[in-house]
Amino acid sequence: MTIPDSNRPSDFIRDIVTEDLKAGKNNNRVHTRFPPEPNGYLHIGHAKSICLNFGIARDFNGLCNLRFDDTNPTKEEVEYVESIKEDVRWLGFDWGDRMYYASDYFEQMYRYAVQLIKAGKAYVCDLNADEIRQYRGTLTAPGKDSPYRNRSIEEDIDLFERMRAGEFPDGSRTLRAKIDMTSGNINMRDPVIYRILHAEHHRTGNKWCIYPMYDFAHCVSDSIEGITHSICTLEFEDHRPLYDWFLDELKVKCHPQQIEFARLNLSYTVMSKRRLLRLVEGGFVNGWNDPRMPTISGLRRRGYTPESIRNFCERIGVAKRDSVVDIALLEYCIREDLNKTAPRVMAVLRPLKVIIINYPEDKTEELDAVNNPEDPAMGMRKVAFSKILYIERDDFREDPPKQFFRLAPGREVRLRYAYYITCVKVIKDEKTCEVVELHCTYDPATRGGDAPDKRKVKATLHWVSASHAIEAEVRLYDHLLLKEDPDDVEEGKDFKSNINPNSLETLTYCRLEPCLADARSGSRYQFERMGYFCVDPDSSAGKPVFNRTVTLRDTWAKIEKGQKEGVRSKE
RNA sequence: UGGGGAGUCGUCCAACGGCAGGACGGCAGACUCUGGAUCUGCUUAUAGGGGUUCGAAUCCUCUCUCCCCAGCCA
């Protein structure tokens, strides 16, 4: 047995596991499982569960299984199985040779069901769905017994066999547990164990036309796999008595302990599969792996690293209280990772032409640039400088507001790794009055970016040489939802009315350092002063496409926002 | 109005009868060839009332608020 290091995360579940180990429970084994239903793509909420289950196994020298909870053939598909496997692996977890399916156990489950019938603990019920609902009672009123509750065991066995044999149509009969129709816990009011579903299953094909319900299948699967701690989310808390009832009545050797924790919620985000599906089907995003989606595949395409997601899951902790984690924490985690690992590069997203009027017409210089100031081992590169450059449109203001340190008429700034330049003339479009070009002078003595006379400039700008730069498309993403709480809507509306119409902005004529020409799909960079970006699979030869993963922390943007709000409040 | 849970800084998580702490955010400053990074400081919390105790976020009690459950979904 291994007790986790003090620097490992601790939480109430790990505390329970530690206590169990101290007490010598489960022969000192720790065995968890991650049990997704293959009916959708994994999202960051699943990542929390994955990190918890695999993390506990790792910390306590135990094992964690991957198990597909595939008991509803009408909703499940192999496509999802594949994506789930890929996502778990990408997150950095390994289930070894322990990939299972609940459907692997259908035969055993059937035998267990027969065992329950023989013990007088289950019966075949002929009530239809509607009638079952009526008999169930309500939250405050008890239910009443099904008229089929007291059939003979022989008749129940016969009927159940015939259910399996396909003699009855969908919905005509169910197998039910015989518990207590007056229980305050509705899950204990003779819950359905098996339903008839003449549907093809993605693994068992047409072998079965009856399928077990979650409550039965899950505890049995856990028990068969020798799970010690069955970790699930809060909404299953009142299923626990049923989980225990089945395993007690079945008298199985392995009776795992179900422990519930609060699912992850993120501000400015919806998380349920149902809602994510609506975003996809409603065309609000371009598929499950749209970089705006909180799916693992979306985050991956957005440029998130597995490390950053694991780190996030560790930082948010595990508890039983409903909570909403600030998405700023996720963003902090990816910045923290990429700051240390992403090579720096200069990219001008919204180009403004600059002509260095005192620079020779045909000259090109190769200047030294640092690849990553956080990691000298990443080395240096050369960047080309010449007479015509592009700078960021936002880095120039004809009429600079207070605290704007960047370029303005008559002002001197530094071009990173290059020269100090001073803006001497602003060229505008005659009709639109839009600034189209800047004429600047450079100080040859400042080559490399340092002034021999030690004079300071307040800003350093990124830039590219017009004749050397390559063109690229860059996609800027913002929160998909406008409000921290997507459910904060007017009466009668839903979260879709909070969808941010500007969550994607596509920039087509961005100018990048030429070294980015054949950047590999998925590779990540910091565009200096702009943020972290990663190469999208939509890229093609000569036409790279970048996704903005996250901006850099932007003090100026904050000041500017404050200034604008200040003006607004005075109006 | 049945049953099951949960209430600690703005947010998330700790503190397990003994000084309410960390992280993110926010604010201020230092430094800086990224308004980045880094560093420093500040900010703010035990839902409420009663009780037990030398001592309560923690134990007891009453109240309040929030979440989940009436699928032949998981």
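Protein chains get the first letters and strands the later ones, always in sequence-line order, with residue 1 at the start of each.
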Distances for protein N/O vs nucleotides 65-67 of chain B N/O pairs under 3.5 angstrom?
| unit_1 | atom_1 | unit_2 | atom_2 | d |
| --- | --- | --- | --- | --- |
| B:C67 | O2' | A:D322 | OD2 | 3.2 |

Select one nucleotide: of [options], the one nearest the side-chain heavy atoms of [X].
{"X": "A:F236", "options": "B:U34, B:A74, B:C69", "answer": "B:A74"}
{"X": "A:E237", "options": "B:G35, B:G5, B:C72", "answer": "B:G5"}
{"X": "A:R529", "options": "B:A37, B:G35, B:C12", "answer": "B:G35"}
{"X": "A:D238", "options": "B:A70, B:G71, B:G4", "answer": "B:G4"}

Separation of [N] [atom2] from [X] [atom1] (nearest whole Å):
{"X": "A:F261", "N": "B:A14", "atom1": "CZ", "atom2": "P", "result": "13 Å"}
{"X": "A:D170", "N": "B:C73", "atom1": "CG", "atom2": "P", "result": "10 Å"}
{"X": "A:N372", "N": "B:U32", "atom1": "CG", "atom2": "C1'", "result": "15 Å"}
{"X": "A:I231", "N": "B:A74", "atom1": "CD1", "atom2": "P", "result": "21 Å"}

- Message: I'd like to know whether CD of A:E484 has more than 12 heavy-atom contacts from other residues, nucleotides or ligands below 6.0 angstrom.
- Response: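 Not more than 12 within 6.0 Å, no.
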[atom1] gap between [N] and [M], integer Å:
{"N": "B:C72", "M": "B:U46", "atom1": "C1'", "value": "46 Å"}
{"N": "B:C68", "M": "B:U61", "atom1": "P", "value": "27 Å"}
{"N": "B:A20", "M": "B:U58", "atom1": "P", "value": "13 Å"}
{"N": "B:C66", "M": "B:G71", "atom1": "P", "value": "24 Å"}
{"N": "B:A70", "M": "B:A47", "atom1": "P", "value": "30 Å"}

Within the structure, does a side-chain N or O atom of [X] lie under 4.0 Å from either OP1 or OP2 of [N]?
{"X": "A:T140", "N": "B:G3", "answer": "no"}
{"X": "A:R136", "N": "B:C72", "answer": "yes"}
{"X": "A:R14", "N": "B:C13", "answer": "no"}
{"X": "A:R274", "N": "B:C73", "answer": "no"}
{"X": "A:R189", "N": "B:A70", "answer": "no"}
{"X": "A:T71", "N": "B:A74", "answer": "yes"}
{"X": "A:T555", "N": "B:G36", "answer": "yes"}

- Do the ring planes of A:F385 and A:Y442 sit parallel (below 30°), tilted (30 to 60°) or perpendicular (above 60°)?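 Plane angle between 30° and 60°, so tilted.
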- If a protein heavy atom is under 4.0 Å from the base, mark B; if only from the sugar-phosphate, S; if neither, -; do that for nucleotides 21-30 of chain B going 5' to 3'. --SSSSS---
- Protein-to-nucleotide contact annotation, 5' to 3' order, nucleotides 41-47 of chain B [B base; S sugar-phosphate only; - none; under 4.0 Å, heavy atom]: -------
Any donor-acceptor pair under 3.5 Å joining the side chain of [X] to the base of [N]?
{"X": "A:E260", "N": "B:G4", "answer": "no"}
{"X": "A:R406", "N": "B:G35", "answer": "yes"}
{"X": "A:Q526", "N": "B:U34", "answer": "yes"}

- Message: Can you tell me which residue among A:I16, A:T18, A:V17 is in a side-chain contact (heavy atoms from CB on, under 4.5 Å) with A:D20?
- Response: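 By the side-chain contact (heavy atoms from CB on, under 4.5 Å) criterion, A:D20 pairs with just one of A:I16, A:T18, A:V17: A:I16.
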- Query: Who is the Watson-Crick or G-U wobble partner of B:C42, with both distances under 3.5 Å?
  - Reply: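 B:G26 is the nucleotide pairing with B:C42.
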- Partner nucleotide, any strand, of B:A6 [Watson-Crick/G-U, under 3.5 Å]: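 B:A6 is paired with B:U65.
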